[in-house]
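Have a look at the structure below before the remarks.
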Amino acid sequence: MNRSFMPAFKTQEELAAIQLAGLQWTVRHAFEGSPFYRQRLTEAGVTPDQIQSLDDLKRLPFVTAQDLRENYPWPLLSVPMTRIVRLHASTGTTGKRKVLVYTAKDIDDWAEMFARCYETAELSREDRVQICVGYGVWTAGVGFQLGCERFGALAIPAGPGNIDLQIQFLIDFQTTVLCCTASMALLLAEEIDRRGIRDRIHVKKVIFGAERSSDAMRLKVKTLTGVDHIFDIPGLTEVYGPGTGLDCTCHTGIHYWADYYILEILNPDTLQPVADGEVGEMVYTTLRKEGAPLIRYRSRDLTRAIPGQCPCGSPLPRHDRIVGRSDDMFIVRGVNIYPSHVDEILSREKGVGSEFQIHLDHYEDGKDYMVLKVEREEGGRPEADAALAAKIERALRKETLVSGKVEIVDYQSLPRTERKAKRVFDHRT
Ligand code: ZN
């Protein structure tokens with residue numbers, strides 16, 4: 001048996017001591033190594049000596065994605081450039097990409113964190129891990145690969161796309177673990193079902209990355225492939241990449257690596273901690289990152305903390321799945337709506353398939369209109385569409401306080417993509 005990647009601490013007091021030491025180190029390291037941080041901390045009137053307790057975190061100024069863009073390309077660089085061994089960049093759909101730099105130790109730490117993910121999912125060195133996410137300047141493929149090799153399982157770097165090749169690999173190499181986006185898993189599962197080859201596929205676990213999976217998608221993938229476990233891997237380039245935590249096989253929430261970073265969950269408007277169990281923005285402070293440390297980095301990702309201890313006994317704290325991004329929020333008739341909330345409403349309705357789209361439009365009367373296109377479930381009866389649409393419209397109005405029109409469309413009539421599914425189509429501008 002190889003070594004464990006789990007943390008050494010057993011109690012919350014031990015964790016707090018690790019976090020305080022890491023916080024003190026990080027603030028001093030950033031202050032001394034980065035002109036950006038030195039200026040920010042000085043403006044906030046904070047010197048490294050003043051960090052005496054975890055409570056002093058509150059005194060530190062925030063860093064935003066905007067800061068990363070404005071100081072492109074090496075915004076948070078805190079070591080001499082000669083110590084940097086790699087860079088990664090975000091896919092960057094708006095404005096300039098976010099570029100993050102890594103020292104050799106940062107890469108090593110990331111491998112340890114990611115290997116811990118595989119250990120949390122209870123993989124063994126016998127497992128064969130087909131990695132069907134993008135390889136390139138972004139962190140996805142290389143992160144899954146690095147962690148898999150560090151853990152000691154067999155990595156199959158299949159990359160994204162090419163369903164025929166993926167299925168051939170699944171059969172020929174007897175893949176046991178699949179790492180991909182939820183959309184890709186759904187495509188593969190439907191294709192395996194269509195070809196009637198389920199008995200030749202040996203996948204036991206699926207690890208979803210890069211995209212929030214809906215309950216309906218998870219159920220569909222599970223039903224079609226017969227896998228035992230589906231995990232959601234969170235992560236962001238700013239905090240190394242994917243692999244910042246994972247749910248264990250109890251699936252009670254995502255255990256996160258609190259010995260590598262401090263996670264605050266804050267109200268995005270007031271920047272104060274949310275009440276227990278409330279949804280808020282994930283704000284990260286890294287504890288060991290050298291190349292580009294983060295101090296109170298606002299990720300825009302939304303989740304809630306899960307209190308108490310997991311039945312697995314792990315002392316690692318938990319957060320819920322990412323429920324959306326504060327950026328994804330759209331406004332209809334003055335009401336804030338998250339696509340994830342619509343998804344949640346749909347996942348409670350029987351007769352609904354796994355895909356949906358939200359279309360926003362502006363009519364001549366100047367009012368906003370929301371049309372929700374929802375797929376009928378596989379084998380569902382079109383005669384039941386009207387009743388189903390009316391039921392969803394009622395639920396939508398009750399929960400979001402906005403009226404919308406629901407159109408039920410044929411199963412598989414909405415596009416499937418291998419990348420993140422686009423949910424919101426705003427035709428108003
Ligand atoms: Zn657990």
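Counting starts at 1 for both ligands and their atoms, following the listed order. Every heavy atom of this structure was used, including side-chain atoms; hydrogens, water molecules and symmetry mates were not.
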Between the side chains of Gln130 and Gln166, does any donor sit under 3.5 Å from an acceptor?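 Yes, because at least one side-chain N or O of Gln130 sits under 3.5 Å from a partner of the opposite role on Gln166.
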Taking side chain to side chain contact (heavy atoms under 4.5 Å, CB included) as the test, write out the residues that go with Thr64, two or more places apart. Gln66, Asp67, Arg298
Using a 4.5 Å cut-off on heavy atoms from C-beta on, say whether the side chain of Arg128 contacts that of Val177.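 Heavy-atom side-chain distance check fails, nothing below 4.5 Å.
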Heavy atoms, side chains only, cut-off 4.5 Å: are Glu393 and Val406 in contact? yes
Using the salt bridge (charged side-chain N to carboxylate O under 4.0 Å, His left out) definition, which of the options Arg376, Lys220, Lys373, Arg423 pairs with Glu355? Arg423
Are Arg304 and Asp320 ion-paired here, with the side-chain N under 4.0 Å from a carboxylate O? yes
Protein N, O or S atoms less than 2.8 Å from the Zn ion (ligand 1), ignoring waters? Cys248 SG, His255 NE2, Cys310 SG, Cys312 SG
